[in-house]
Student: 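Here's a structure for you.
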Amino acid sequence: RNITLQSGVVPNLSASVRTGYFGALPTICIELDNSGLGFSEASTNNVKVYPNPFIEYIIVESALDEQLVIYDLLGNIVLQTKVTAGKNVINTSLLKNGMYILTCDTYSMRIIK
């Protein structure tokens, strides 16, 4: 709010303060069609990766034992590990902020730190 002082006019400083409360927001997944790029942003039937963007870790839920590789945008491998069927927590704290390509056998997706 801008207050402009004018000669002979008292500024209105009696505005009331209001408080708003918000409930929990639902998780929203949006599937993108990147057929020309070879990437899948949404989870596949066999692999689910979250959170995205991530900070200290990513969670990979896989139906099978698979090889997970994370590449930087220059194609260099920055992280490589084996994931087992079920829920896997992958430490990503050593990765720099930026965009990466995560591959899990035949599935690829963009992830952002």
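These values consider heavy atoms only, across backbone and side chains, with no hydrogens, waters or symmetry-generated copies.
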Student: Would you indicate whether the side-chain heavy atoms of Ile70 and Ile58 approach each other to under 4.5 Å?
Tutor: yes
Student: Go through Leu79 and Leu68 one step at a time and tell me if the side chain to side chain contact (heavy atoms under 4.5 Å, CB included) criterion holds.
Tutor: CA-CA 8 Å; Leu79 193 145; Leu68 179 132; 4.0 Å; yes
Student: For the atom pair SG (Cys104) and CE (Met109), what is the distance rounded to the nearest 0.5 Å?
Tutor: 9.5 Å
Student: Side chains of Phe54 and Ile112: does their closest heavy-atom pair fall under 4.5 Å?
Tutor: no
Student: Does any N or O in the side chain of Asp65 come within less than 3.5 Å of the main-chain N or O of Ala85, such that one atom is a donor and the other an acceptor?
Tutor: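 Flag set: sc Asp65 to bb Ala85 pair under 3.5 Å.
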Student: Does any part of the side chain of Val49, heavy atoms only, come nearer than 4.5 Å to the side chain of Ile59, both counted from C-beta?
Tutor: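 No - every pair of side-chain heavy atoms lies 4.5 Å or more apart.
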Student: Under a 3.5 Å distance rule, please check whether Asn88 uses its side chain to pair with a backbone N or O of Lys82 as donor and acceptor.
Tutor: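 Here the side-chain-to-backbone pair does not exist.
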Student: Can any side-chain N or O of Lys113 pair as donor or acceptor with the backbone N or O of Leu95 at less than 3.5 Å?
Tutor: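 Yes; at least one donor-acceptor contact below 3.5 Å.
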Student: Calculate, to the nearest 0.5 Å, the distance between atoms CD1 and OH belonging to Ile101 and Tyr71 respectively.
Tutor: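 Rounded to the nearest 0.5 Å, the CD1-OH separation comes out at 10.5 Å.
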Student: Answer yes or no: does atom OH of Tyr57 have more than 12 heavy-atom neighbours from other residues, nucleotides or ligands under 6.0 Å?
Tutor: no
Student: What distance separates Asn97 CG from Ile55 CD1, expressed to the nearest 0.5 Å?
Tutor: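 Between Asn97 CG and Ile55 CD1, I get 9.0 Å after rounding to 0.5 Å.
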Student: Out of Val69, Asp72, Thr92, which one pairs with Val78 under the side chain to side chain contact (heavy atoms under 4.5 Å, CB included) rule?
Tutor: Asp72
Student: Leu94, Ile111: one ILVMFWY side-chain cluster at the under-4.5 Å cut-off?
Tutor: no
Student: Quick one: CD on Glu66 to OG1 on Thr84, what's the gap to the nearest 0.5 Å?
Tutor: 10.5 Å
Student: Is there a donor-acceptor pair closer than 3.5 Å between any side-chain N or O of Asn91 and the backbone N or O of Val89?
Tutor: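 The answer is no, because no donor-acceptor pair under 3.5 Å joins these two groups.
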Student: Can you find a heavy atom in the side chain of Val60 that is under 4.5 Å from one in the side chain of Lys48?
Tutor: no
Student: Any non-hydrogen side-chain atom of Ile90 less than 4.5 Å from a side-chain atom of Val83?
Tutor: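 In short, these two side chains touch, coming nearer than 4.5 Å.
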Student: Without hydrogens or angle criteria, can the side chains of Glu61 and Tyr50 be said to hold a donor-acceptor pair below 3.5 Å?
Tutor: yes
Student: Would you say Ser108's side chain and Thr103's backbone share a donor-acceptor pair under 3.5 angstrom?
Tutor: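 Absent.
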